[in-house]
Peer 1: 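One structure, as structure tokens, below. Some questions next.
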Amino acid sequence: MNEENAKIDRQLLQQIVGRDRTAFASFYDRYSTVLFSVAVRILRDQKEAEDVLQDVFLQIWEKAENYKAHLGTPVNWTITLTRNKAIDRLRSSQRRHRLAEEFAGESESHSPLPQSGIIDTEKATMVRAAIKNLPTEQRQAIGLAYFGGLTQSEISESLNEPLGTIKARIRRGMLKLRELLEGAL
Amino acid sequence: MINEQLEEQASLYVLGLLPESELAEFEKQLPGHADLRELVKQLQASADWLALTTPQIVPAADLKSKILAAIDRKSGAPDKIVPLRNSAGFSVWFPWSLAACFAILAAVSFSEKNSVHQEITELHAKVSSLEKNLAALENKDRFSQMRIAVLNSLLENSPKAVAVSVWDKEKQNGVLIVENLQPLPPDKDYQLWVIDSRYANPVDAGVFQVDAAGKVRFQFKPKLPITNFEKVAVSQERKGGVPKAVGPMVLLGS
């Protein structure tokens with residue numbers, strides 16, 4: 001995710017704004033795997049994840065001009081789009097609590113890491129290590145929010161902790177994560 | 001200065017956890033609070049990197065073509081296949097056609113089941129073979145549309161600078177891969193030019209910078225349609241580029 005990649009991505013988005021189909025196809029090749037993986041992780045359903053991926057790429061095609069460079073890199077923008085769409089779908093399907101319980105009970109994943117060339121194994125390993133460094137209760141609270149789409153009170157209920165404790169855990173966890181990843185990516 | 005409450009709100013905000021009652025107030029602060037904006041940006045990036053912890057799953061191969069077809073439809077490109085539902089009289093003849101198909105199928109399966117099955121198997125084999133041949137031909141044709149040029153340095157201070165450009169005539173775009181070119185000061189850019197004898201002047205193909213190691217992979221699309229991709233050159237120009245090359249030429253290839 002270095003600056004060179006971000007620069008290429010910004011150029012591709014500019015070309016997509018100009019209705020360049022080839023640039024769009026390149027952008028798809030670069031990020032479809034990581035975005036699809038995020039959607040599958042949230043929805044636990046490949047068919048639904050495909051629908052989300054299609055929505056995300058159609059939005060990129062139609063609204064690439066909405067990307068604001070000062071708010072982050074293009075890949076961050078697309079990950080946020082994907083996560084938001086997957087969470088919306090999850091919330092409407094009433095499966096959230098069941099999936100959140102599955103998430104909370106999960107052990108550390110040892111599944112294959114992303115190896116798309118854009119998001120390489122080394123960086124993915126670094127992020128996993130950073131997350132592993134977080135205390136379990138912080139990791140759980142953040143994970144339930146990010147992948148489970150639960151609200152503050154739902155997380156509090158799910159982990160059987162007061163709301164104030166959950167907020168403080170999320171704050172400490174996010175600041176720690178930022179510190180661990182700072183300069184690394 | 002960011003207090004604990006704002007840190008907490010920022011953390012909840014990037015995870016989409018900030019309740020409606022606090023959301024508007026928090027977002028109102030962002031434009032006038034540079035430190036808070038920066039914190040949100042960093043926290044958002046950190047949260048997004050959580051995506052990297054997910055196992056890699058490649059989407060179905062046909063999803064890309066479905067998405068490309070969807071954008072073509074949205075862009076108003078004509079469909080290659082006319083949907084049945086739009087054809088006039090569909091609702092009238094379709095049930096009769098379906099019934100006729102069933103009748104034929106039933107008759108065939110009754111009298112010539114084995115022979116039809118064999119024919120279908122042979123036809124499948126033929127179709128598969130034809131598809132392979134077609135794919136090979138398309139691939140061959142695709143490569144015939146490509147043009148590769150090696151660009152060498154014209155600079156005394158960067159004699160090792162080298163670049164390769166790959167040009168796709170059909171798509172009218174290309175990629176330039178550069179190595180060992182000297183990084184430029186912030187007020188300058190490298191500009192790529194394509195030389196086509198159809199035009200009096202080289203055609204602008206965009207500006208780029210190299211990284212600290214002198215490398216870049218630059219995807220380009222000339223401003224004008226290119227018929228004869230004869231030469232390709234890189235010049236050093238002011239930031240943002242110029243309509244006609246005025247700066248020193250640094251790389252040239254054909």
Peer 1: What part of B:Q209 is in contact with chain A, defined as an atom under 4.5 angstrom from a non-hydrogen atom: side chain, backbone, both or neither?
Peer 2: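 Both backbone and side chain.
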Peer 1: Measuring heavy-atom distances to chain A, does B:E38 have an atom under 4.5 Å in its side chain, in its backbone, in both, or in neither?
Peer 2: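 No part of it gets close to chain A.
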Peer 1: Taking every non-hydrogen pair under 4.5 Å, which of A:I8, A:N84, A:T80 racks up the most with chain B?
Peer 2: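 It is A:T80.
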Peer 1: Answer whether the closest heavy-atom distance between the side chains of A:F24 and A:L12 falls below 4.5 Å.
Peer 2: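 The answer is no; the side chains never approach within 4.5 Å.
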Peer 1: Need one label for A:L35: side chain, backbone, both or neither, based on atoms under 4.5 Å from any heavy atom in chain B.
Peer 2: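 A:L35 has no heavy atom closer than 4.5 Å to chain B.
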Peer 1: Check whether B:A10 gets within reach of chain A through its side chain, its backbone, both or neither, counting any heavy atom under 4.5 Å.
Peer 2: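 Neither part; nothing is under 4.5 Å.
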Peer 1: I'd like to know if the side chain of A:T73 pairs up with that of A:N76 as donor and acceptor (distance under 3.5 Å, no hydrogens or angles considered).
Peer 2: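 Indeed, the side chains of A:T73 and A:N76 share at least one donor-acceptor pair under 3.5 Å.
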Peer 1: With a sphere of 6.0 Å drawn around CZ of A:R19, does it hold more than 12 non-hydrogen atoms of other residues, nucleotides or ligands?
Peer 2: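 Yes, the 6.0 Å shell around CZ holds more than 12 heavy atoms from other groups.
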Peer 1: I'd like to check the side chain to side chain donor-acceptor pair (under 3.5 Å) partners of A:E62; sequence neighbours left out, ordered by chain and number.
Peer 2: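 With sequence neighbours excluded, A:E62 shows a side chain to side chain donor-acceptor pair (under 3.5 Å) to B:K74, given in chain and number order.
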Peer 1: What residue, out of B:L18, B:L39, B:L43, B:L50, has the most heavy-atom pairs lying under 4.5 Å from chain A?
Peer 2: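 The residue among B:L18, B:L39, B:L43, B:L50 with the greatest pair count is B:L50.
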Peer 1: Tell me, for A:A25 versus chain B, whether the close heavy atoms (under 4.5 Å) come from the side chain, the backbone, both or neither.
Peer 2: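 Backbone plus side chain of A:A25, per the 4.5 Å heavy-atom cut-off to chain B.
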Peer 1: Does atom CZ of B:R217 have more than 12 heavy-atom neighbours from other groups under 6.0 Å away?
Peer 2: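 Counting other residues, nucleotides and ligands, CZ of B:R217 stays at 12 neighbours or fewer.
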Peer 1: Would you mind checking which part of A:V38 comes under 4.5 Å of any heavy atom in chain B, side chain (CB onward), backbone (N, CA, C, O), both or neither?
Peer 2: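 Its backbone and side chain both get close to chain B.
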Peer 1: What part of A:S153 lies closer than 4.5 angstrom to a heavy atom of chain B: side chain, backbone, both or neither?
Peer 2: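 Neither part.
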Peer 1: Among B:S46, B:A60, B:A70, single out the residue with the greatest number of heavy-atom pairs under 4.5 Å to chain A.
Peer 2: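 Ranked by contacts with chain A, first place is B:S46.
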Peer 1: Does a donor on one side chain sit under 3.5 Å from an acceptor on the other, for B:Y13 and B:E27?
Peer 2: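 The criterion, which ignores hydrogens and geometry beyond distance, is satisfied for B:E27 and B:Y13.
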Peer 1: Ring centroid separation for A:F27 and A:Y31, is it under 6.0 angstrom?
Peer 2: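 Yes, the ring centres sit under 6.0 Å apart.
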Peer 1: Pick from B:V14, B:V40, B:I57: which one has the most heavy-atom pairs with chain A under 4.5 Å?
Peer 2: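 Of the candidates given, the most pairs with chain A belong to B:I57.
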